[in-house]
Amino acid sequence: MLLVFLLLLLLHPPLVSNQMTDAEHQGIVELHNRLRRSVLPEAANMNQLIASATLRNLAQQAADTCRFEHNYGGDYSGLGENLYMGGSNASLAVMLWFIERENYRLSASGALCGLEYGNGRYPQYASSCGHYYQVVQASVREVGCGKKACSGSSLIVCEYNSGSGSPPYTAGPSCSGCSSARPRCLDGLCVPVGTSGSTCSLACQSCTKLVGNATGSCDCSGSYVPCTKCDSDATQCLNNGTDVGASLTNCSCVCPADFYGDRCQ
Ligand SMILES: *[C@@H]1O[C@H](CO)[C@@H](O)[C@H](O)[C@H]1NC(C)=O
Ligand SMILES: *[C@@H]1O[C@H](CO)[C@@H](O)[C@H](O)[C@H]1NC(C)=O
Ligand SMILES: *[C@@H]1O[C@H](CO)[C@@H](O)[C@H](O)[C@H]1NC(C)=O
Ligand SMILES: *[C@@H]1O[C@H](CO)[C@@H](O)[C@H](O)[C@H]1NC(C)=O
């Protein structure tokens with residue numbers, strides 16, 4: 001009986017040991033965000049990454065092949081992908097991708113990426129900036145990673161909802177350049193409206209000063225027009241006046257008949 005049990009164990013080694021646990025996966029997502037927060041120069045428009053079950057599945061499928069090759073087409077069309085073949089520590093893999101930043105730092109435009117390859121600084125890892133670009137690509141929103149023990153080493157794969165470009169982000173004070181789809185700020189990363197703990201990321205455009213982080217409201221006394229643009233539904237137009245629109249730089253109200261002024265008062 002015992003022998004049979006041992007044989008079964010040998011034939012079917014526990015899958016879990018080959019794959020990433022949920023906790024490990026969450027750690028990898030958080031590590032990405034920690035690194036995205038730490039870029040130099042500071043990023044104005046860096047999105048927070050969230051875990052995607054779909055991308056995690058695709059990453060695991062890619063890892064299961066044990067092929068250290070990029071995946072294109074089909075479900076992988078339009079995605080970004082980072083691969084690592086080596087030890088089983090996925091955090092280390094992400095750190096090694098990020099370390100290519102040392103190349104990037106030489107030139108804000110990234111034009112010098114790869115030049116250090118021959119200098120022996122990180123000869124085994126720093127042949128390009130591509131992995132670094134992918135880890136800190138500002139517009140990426142979702143990530144999912146997988147891992148597989150292949151003969152002698154582990155294949156670690158992360159899929160991102162979009163690929164990378166150069167430069168990977170816009171430099172500037174953190175959250176000063178968030179997109180209107182993710183106008184709020186959490187620990188230096190751009191997040192959507194409704195994210196718990198987030199603050200207003202947008203400077204008041206036409207108003208005198210920001211009143212508070214919690215609501216992102218502006219002090220629009222005097223002749224200034226209202227511009228609480230953080231929460232898309234928070235308009236300060238009165239009397240059924242409507243906000244001029246999605247534009248973050250125009251805080252005017254469109255007033256119905258008989259109402260005038262900045263706020264249709
Ligand atoms: C995995 O790698 C990270 C980053 O280098 C390191 O901090 C951590 O201690 C490693 N974990 C284990 C279990 O070796
Ligand atoms: C908004 O948050 C920033 C950073 O947390 C802080 O320095 C600033 O004082 C806050 N401003 C207001 C008006 O609460
Ligand atoms: C605003 O519109 C609503 C619904 O159309 C109407 O009931 C209300 O009287 C309007 N308010 C003003 C101040 O015109
Ligand atoms: C804002 O939009 C309104 C309505 O479209 C327009 O009349 C006004 O000139 C715009 N203001 C600025 C500063 O662009």
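We count ligands from 1, going down the list as the structure has it; atoms in each ligand are counted the same way. Positions are given from 1 along the sequence. Values below: every heavy atom of this structure, side chains too, minus hydrogens, waters and symmetry copies. These figures come from a predicted structure and were not determined experimentally.
Among residue pairs with one or both ends in residues 23-51, those qualifying as ring-ring contact (aromatic ring centres under 6.0 Å, His included) are His32-Tyr160; sequence neighbours excluded.
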Note down each nitrogen or oxygen pair, ligand 1 side and protein side, whose separation is under 3.5 Å; give only atom names and the distance to 0.1 Å.
residue	atom	partner	partner atom	Å
ligand 1	2 (O)	Asn89	OD1	3.3
ligand 1	2 (O)	Asn89	ND2	2.3
ligand 1	11 (N)	Asn89	ND2	2.8
ligand 1	14 (O)	Asn89	ND2	3.4

Report task. Apply the test disulfide bond (SG atoms under 2.5 Å apart) to residues Cys145 and Cys158: give CA-CA distance (whole Å), side-chain angles for both, the deciding distance (0.1 Å), then the verdict. Result -> CA-CA 4 Å; Cys145 304; Cys158 286; 2.1 Å; yes
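Across every non-hydrogen atom of Val39 and Met46, the tightest pair is CG2-CE, 4.0 Å.
Using a 4.5 Å cut-off on side-chain heavy atoms (C-beta onward), Leu31 and Phe98 make no contact.
Qualifying ring-ring contact (aromatic ring centres under 6.0 Å, His included) partners for Tyr76, counting only residues two or more places apart in sequence or in other chains: none. Applying the side chain to side chain donor-acceptor pair (under 3.5 Å) test to Arg56 and every residue at least two apart in sequence or in another chain returns Asp22.
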